[in-house]
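The structure appears right after this line, and notes come after that.
Order of the sequence lines fixes the chain letters, A, B, ..., with proteins taken first and strands second; residue numbering starts at 1 for each chain. Source: prediction; values computed, not measured.
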Amino acid sequence: MAQSADHVLDHFDLFRGPEYQQMLDNKKEFENPRDPAEVERVKEWTKTSEYREKNFAREALTINPAKACQPLGAVFASVGFQGTLPFVHGSQGCVAYYRSHLSRHFKEPSSCVSSSMTEDAAVFGGLNNMIDGLANSYNMYKPKMIAVSTTCMAEVIGDDLNAFIKTSKEKGSVPADFDVPFAHTPAFVGSHVTGYDNALKGILEHFWDGKAGTADKLERKPNRKINLIGGFDGYTVGNLREIKRIFELMGIEYTILADNSEVFDTPTDGEFRMYDGGTTLEDAANALHAKATISMQQWCTDKTLPFIADHGQEVLAFNYPVGVSATDDFLMALSRISGKEIPEELARERGRLVDAMADSSAHIHGKKFAIYGDPDLCHGLATFLLELGAEPTHVLATNGNKAWDEKMRALFASSPYGRNCHAYPGRDLWHMRSLLFSEPVDFLIGNTYGKYLERDTGTPLIRIGFPIFDRHHHHRSPVWAYQGGMNVLVKILDKIFDEIDKKTNVLGKTDFSFDIIR
Amino acid sequence: MSLATTYSTAQIRARNKELIEEVLKVYPEKTAKRRAKHLNIHEAGRSDCGVKSNIKSIPGVMTIRGCAYAGSKGVVWGPIKDMVHISHGPVGCGQYSWGSRRNYYVGTTGIDSFVTLQFTSDFQEKDIVFGGDKKLIKVMDEIQELFPLNNGITVQSECPIGLIGDDIEAVSRAKSKEFGGKTIVPVRCEGFRGVSQSLGHHIANDAVRDWIFDKDDPQSKPRFEPSPYDVAIIGDYNIGGDAWSSRILLEEIGLRVIAQWSGDGSLAELEATPKAKLNILHCYRSMNYISRHMEEKFGIPWCEYNFFGPAKIAESLRKIAGYFDDKIKEGAERVIEKYQPLVNAVITKYRPRLEGKTVMLFVGGLRPRHVIGAYEDLGMEVVGTGYEFGHNDDYQRTAQHYVKDSTLIYDDVNGYEFERFVEKIQPDLVGSGIKEKYVFQKMGVPFRQMHSWDYSGPYHGYDGFAIFARDMDMAVNSPIWKKLKAPWKDVPRPKLLAAE
């Protein structure tokens with residue numbers, strides 16, 4: 001018996017002891033296991049280019065995708081408005097999944113309700129679920145707004161949100177003038193970034209275009225403000241706070257649309273804040289009058305930006321600006337639109353990032369990276385790596401499309417370090433596995449699921465992306481702008497140095513190269 | 001502060017009654033009427049907890065429940081390690097349930113074991129419009145080609161499958177034939193079926209019956225020589241290694257475990273289970289169906305057991321041994337004695353730190369009752385409990401064997417109710433899931449996830465009890481709970497009932 005009260009053995013140690021190892025060995029008799037030699041042969045075969053070819057020929061099967069479904073993005077966007085309760089119309093299990101997923105990443109509560117549709121609703125439609133659901137949510141959780149989206153069940157049976165919400169109001173579920181914006185978010189179209197886009201557009205449309213026929217359309221009276229949309233972002237807490245700091249430094253009047261930086265980072269002080277922070281509903285409506293709207297993620301605002309442009313604003317999209325040039329472009333755009341100068345303080349921050357890159361670039365220059373994640377994140381990180389003289393050799397976005405592919409190619413073509421780099425739209429992490437075996441790189445950048453790739457291929461993983469379940473609190477630090485670039489740089493460097501140390505720490509074998517100064 | 005030491009049972013009963021009434025006030029009338037049936041105060045001597053259960057959740061209330069897909073793919077089938085489980089439909093379901101349940105297994109992942117891979121048919125609009133059967137056929141072909149050492153395939157249906165009229169059974173039959181009789185199991189666990197995960201368990205159990213047992217030749221010989229001591233562990237998902245820290249005890253008393261359902265389980269083990277002399281059932285809720293079936297069809301008796309905490313472990317080992325001869329009975333006594341010093345050491349160390357502390361639970365499966373004994377072994381008291389997807393037979397077992405008089409019972413509790421209950425009762429610990437964890441920690445209430453063991457475990461068996469005790473102590477007595485208020489804002493916590 002290895003367990004003891006003095007030194008309680010956790011699962012990592014307990015099952016590695018001889019008693020359990022023997023037990024697990026004996027269990028094999030009942031498992032009908034494959035011949036170990038055969039397992040070894042197939043394992044090696046999966047590393048070959050022959051396997052890669054078969055793997056890339058897949059047409060139907062998706063294995064380990066790096067994307068989620070639309071309603072997740074809709075929920076993420078909705079909680080960015082003050083006092084807003086996301087309400088997902090359809091099966092209830094979906095909502096349990098979104099809430100768990102967001103909580104596991106942010107280590108925060110995630111509040112969202114479902115209309116809990118079951119078999120009868122599949123036959124008769126979910127109108128009654130909407131009527132009862134809105135009434136219950138309104139009474140129990142006292143929201144300022146309920147933002148409705150859909151699961152694939154409601155989409156397949158064709159429930160009409162506009163009509164359902166109207167009927168619910170007539171039946172008195174919520175007051176007639178209570179804000180219930182909506183968006184259809186079918187899980188079988190696009191991904192979570194599409195859902196973000198649809199939900200945000202739905203909310204703006206609600207406030208700007210007459211609240212589904214129940215109010216007058218707002219008339220745009222241009223002012224000096226600038227709207228900013230962050231997009232679906234695992235670093236929303238750190239990033240939006242950084243953006244606000246920059247706006248304030250520059251003296252720009254701004255509105256962050258879907259500002260969920262507070263609700264995903266509430267204090268522990270004895271009070272549970274179901275709602276916190278967020279774009280006020282008044283600001284959401286008044287955002288119509290802004291001079292311009294900036295999206296930090298082009299592929300999170302495919303529909304929202306044209307919608308805003310149609311209302312007469314200048315719109316501008318970035319691709320997750322990380323590093324020097326992307327931040328330069330962002331700040332110069334801000335300056336141009338607002339007419340405000342970029343303050344010296346930001347120039348100094350820029351200088352510090354350049355300083356840090358100059359100090360350390362010898363360790364990054366020429367290193368090969370594989371990156372996967374959402375399309376904009378991939379573009380932003382690849383841009384930064386190219387600035388560092390590194391090669392983003394494989395860049396993969398399961399939810400990337402053809403336009404993304406073209407944009408990535410243009411990025412690679414713009415730098416000598418991009419010469420041997422490729423983008424992989426619509427591919428998954430099992431494809432990435434083949435890439436890492438057949439064309440190895442030095443480091444992998446991705447979310448928590450990258451740890452399986454790290455284990456299988458030995459490529460060290462730098463965790464940047466969403467979700468990050470197995471490391472804590474990184475979402476609180478920005479990755480955008482100069483200071484964010486500094487954080488990303490340090491993250492990459494730490495991994496590089498750790499790897500060099502790991503390779504040189506065998507006493508009696510590698511006493512050389514185990515340097516104190518690097 | 002613990003209530004039990006301050007208030008009489010009658011006072012607690014009165015407070016709980018008032019609390020339920022207060023909570024119900026928030027609802028529209030119709031909802032209040034429905035929810036009232038799910039909330040109660042347990043009366044000693046009653047045969048059940050006096051609540052309705054296994055009824056549809058009410059729209060818009062923020063139920064904690066999941067769906068049938070979660071019950072089948074996430075719970076029952078997902079852990080079977082040598083089969084490929086296809087999340088059939090859009091990408092989300094498989095993505096959100098990918099690797100999050102911690103069913104540990106031993107194997108070469110991606111080669112002969114597939115538990116922590118996410119296989120999906122990733123439905124697009126055209127698959128909805130034209131049907132997904134053609135895609136499913138191709139998915140299976142590609143699995144066969146790229147994962148040649150898989151021992152079988154299951155199709156875990158997501159919502160659209162049942163709505164668009166796909167015939168996954170026909171596809172499964174045809175592909176099984178084409179692949180030389182390979183086990184391919186279609187599972188109709190669409191998320192809109194039933195009222196919670198629970199129907200998914202049942203559907204998954206039935207799928208084992210129909211697509212594995214019924215296809216096996218009953219005269220076929222097992223791959224091993226049968227013994228009189230062969231048992232199967234049913235309803236242990238090996239979360240954090242639970243089934244292993246249970247198996248080791250069963251083997252130590254002289255039994256031979258021929259199958260694990262389904263944590264670290266394999267197709268061969270499912271197939272061999274009808275050869276067992278006794279099925280021992282941990283999670284009654286999710287696997288009583290197949291146990292009853294094996295009793296009826298193969299004459300295999302089954303017995304429930306509880307491996308949380310030394311009191312219940314000893315009771316269970318003796319109960320299980322009771323089905324066998326003196327060799328096993330003596331084995332049980334020997335094992336109980338062997339672990340007594342560990343038990344004593346754990347209790348000596350942790351009980352003084354936990355004595356009198358109160359706990360509120362809200363979990364799924366067997367845990368709203370099964371863990372109560374383990375808390376009591378540490379001197380703690382469970383003052384409120386409820387099931388996410390329990391049925392009346394769960395509440396009967398709870399009432400008859402576990403909870404004390406005046407315990408607050410809440411079936412299918414929602415965010416609002418749970419928050420109010422905890423706020424008023426102020427337990428020393430809440431045990432529930434990830435969606436609840438941060439809510440209560442923000443409120444300053446120590447919390448442990450009792451689905452995933454908060455990334456710890458195992459909690460089963462004697463080895464697990466040491467970890468359980470350590471974890472509960474760590475949560476309840478963490479120094480951080482004394483730092484909630486900035487010192488310049490520090491005011492005494494409002495006393496319970498004081499405001500009422």
Side-chain angles (χ1 to χ4, degrees), chain A residues 3 5 8 11 14-15 20 23-24 29-32 34 39 42-43 54-55 58-65 67-69 91-93 96-97 99-101 103-104 108-109 113 115-119 122 129 132-137 139-140 152-153 156-157 187-189 266 268-270 272, chain B residues 26 28 31 56-57 59-63 65-67 70 90-92 95-96 106 108 111-112 117-120 122-125 128 135 138-139 142 145 149 159-160 163 191-192 223-224 240-241 248 258 266 268-269 345-346 349 416 434-435 438-439 441-444 457 463 466-467 470 484:
Chain A
Q3 188 61 288
V8 176
H11 50 91
L14 183 66
F15 298 127
Y20 279 101
M23 181 191 85
L24 293 172
E29 181 190 352
F30 306 101
E31 294 179 351
N32 187 27
R34 299 286 182 164
V39 172
V42 172
K43 192 170 104 188
K54 288 180 192 292
N55 191 12
R58 266 189 281 142
E59 289 174 355
L61 172 63
T62 298
I63 311 158
N64 300 353
K67 66 170 180 181
C69 66
S91 301
Q92 72 191 13
Y97 278 144
R99 296 179 64 205
S100 304
H101 208 64
S103 282
R104 285 176 180 138
E108 291 288 324
V113 296
S115 66
S116 295
M117 285 165 65
T118 55
E119 282 108 329
N129 298 68
D132 292 348
L134 287 177
N136 288 326
S137 300
N139 283 292
M140 295 172 72
C152 55
M153 178 206 185
V156 171
I157 65 173
F188 43 82
V189 175
T266 61
T268 286
D269 59 359
F272 162 52
Chain B
V26 79
T31 308
K56 272 197 278 188
S57 299
V61 299
M62 208 179 306
T63 174
R65 283 173 169 177
C67 63
V91 69
Q95 202 69 3
Y96 307 125
V106 175
T108 307
I111 310 301
D112 68 355
L117 272 74
Q118 208 284 71
F119 292 88
T120 174
D122 187 13
F123 264 30
Q124 301 300 303
E125 197 149 23
I128 301 287
K135 190 168 201 177
K138 207 165 223 179
V139 162
E142 290 172 0
E145 176 157 39
L149 301 188
C159 285
L163 299 172
F192 61 83
R223 294 180 184 88
F224 48 86
I248 203 163
I258 62 166
S266 56
E269 289 168 70
V346 169
K349 183 172 176 185
Y416 177 85
I434 180 70
K435 303 192 290 299
Y438 302 106
V439 171
Q441 289 188 178
K442 302 273 180 198
M443 288 164 64
D463 287 344
I467 301 172
R470 192 270 323 263
L484 291 186

Shortest non-hydrogen contact from B:P59 toward A:N136 | O-ND2, 3.0 Å
Measure the spacing between OG1 of A:T62 and CZ of B:F123 and express it to the nearest 0.5 Å.
-> 11.5 Å
What part of A:H11 lies closer than 4.5 angstrom to a heavy atom of chain B: side chain, backbone, both or neither?
-> both
Sort A:M153 into side chain, backbone, both or neither according to what part of it lies under 4.5 angstrom from a heavy atom of chain B.
-> both
Indicate the atoms forming the closest heavy-atom contact of B:G66 with A:A96, along with that distance.
-> CA-CB, 4.2 Å
Chain B interface, residue from A:L134, A:N55, A:N139 that has the most non-hydrogen pairs under 4.5 Å = A:N139
Look at B:E269, B:K56, B:K135 and state which one has the largest set of heavy-atom pairs under 4.5 Å with chain A.
-> B:E269
By a 4.5 Å heavy-atom criterion (distance strictly below it), what part of A:R34 contacts chain B: side chain, backbone, both, or neither?
-> side chain
Could you tell me the separation between the CD atom of A:E119 and the CG atom of B:L163, rounded to the nearest 0.5 Å?
-> 10.0 Å
Quick one: list whatever passes side chain to side chain donor-acceptor pair (under 3.5 Å) with A:T266, sequence neighbours left out.
-> A:E108, B:K442
For the residue pair A:I63 and B:L117, establish whether any side-chain heavy-atom pair is separated by less than 4.5 Å.
-> yes
B:V439 portion near chain A, given a 4.5 angstrom heavy-atom threshold | both
State whether the side chain of A:N64 and the backbone N or O of B:Q118 hold a donor-acceptor pair below 3.5 Å, judged by distance alone.
-> yes
Chain A contact via B:R470 - which portion, at a heavy-atom distance below 4.5 Å | side chain
Which atoms of B:C159 approach chain A - backbone, side chain, both or neither, heavy atom under 4.5 Å = side chain
Give the member of A:V189, A:V156, A:T268 that has the highest number of heavy-atom pairs under 4.5 Å with chain B.
-> A:T268
Rounded to the nearest 0.5 Å, how far does OH of B:Y416 lie from OG of A:S137?
-> 13.5 Å
With a 4.5 angstrom heavy-atom cut-off, which part of B:T63 approaches chain A: side chain, backbone, both or neither?
-> both
Assert top hit (heavy-atom pairs under 4.5 Å, partner chain A, pool B:I434, B:L149, B:I248) equals B:L149
Under 4.5 Å heavy-atom distance to chain A, tell me which part of B:I128 shows up: side chain, backbone, both or neither.
-> side chain
Heavy-atom donor-acceptor pair, A:S103 side chain to B:K435 backbone, under 3.5 Å = no
Who pairs with B:D122 by salt bridge (charged side-chain N to carboxylate O under 4.0 Å, His left out), at least two apart in sequence or on another chain?
-> A:K67
Region of B:D463 that comes under 4.5 Å of a non-hydrogen atom in chain A = both
Could you tell me whether a side-chain N or O of B:K138 sits under 3.5 Å from a main-chain N or O of A:A60, the two making a donor and an acceptor?
-> no
Are A:V113 and B:V61 close enough, and set up right, to give a side chain to side chain contact (heavy atoms under 4.5 Å, CB included), and what steps lead you there?
-> CA-CA 6 Å; A:V113 296; B:V61 299; over 6 Å; no
Can you list the steps and then say if B:T31 with A:D132 is a side chain to side chain contact (heavy atoms under 4.5 Å, CB included)?
-> CA-CA 8 Å; B:T31 308; A:D132 292 348; 5.9 Å; no
Taking the side chain as C-beta and beyond, is there a heavy-atom pair between A:F272 and B:M443 under 4.5 Å?
-> yes
Test side chain to side chain contact (heavy atoms under 4.5 Å, CB included) applied to B:I467 and A:Q3, step by step | CA-CA 9 Å; B:I467 301 172; A:Q3 188 61 288; 3.6 Å; yes
Note: vs chain A, highest number of non-hydrogen pairs under 4.5 angstrom among B:V106, B:T120, B:D112, B:V26 is B:T120
Is there side-chain contact between A:R99 and B:M62, with at least one heavy-atom pair below 4.5 Å?
-> yes
A:K43 atom NZ, over 12 foreign heavy atoms within 6.0 Å | no
Does the side chain of A:E29 reach to within under 4.5 Å of the side chain of B:R223, using non-hydrogen atoms?
-> no
Based on non-hydrogen pairs under 4.5 Å, which of B:V91, B:T108, B:V346 is most in contact with chain A?
-> B:V91
Main-chain N/O of A:P65 paired with B:Q95 side-chain donor or acceptor, under 3.5 Å | yes
Donor-acceptor pair, B:Y96 side chain versus A:C69 backbone, under 3.5 Å?
-> yes
Taking all non-hydrogen atoms of both residues, which atom of A:F15 and which atom of B:G240 are closest, and how far apart?
-> CE1-O, 3.4 Å
So, the part of B:E142 with a heavy atom under 4.5 Å from chain A: the answer is both
Applying a strict 4.5 Å limit to non-hydrogen atoms, the region of A:V8 in contact with chain B is both
Would you mind reporting whether B:S57 and A:S116 have side-chain heavy atoms less than 4.5 Å apart?
-> yes
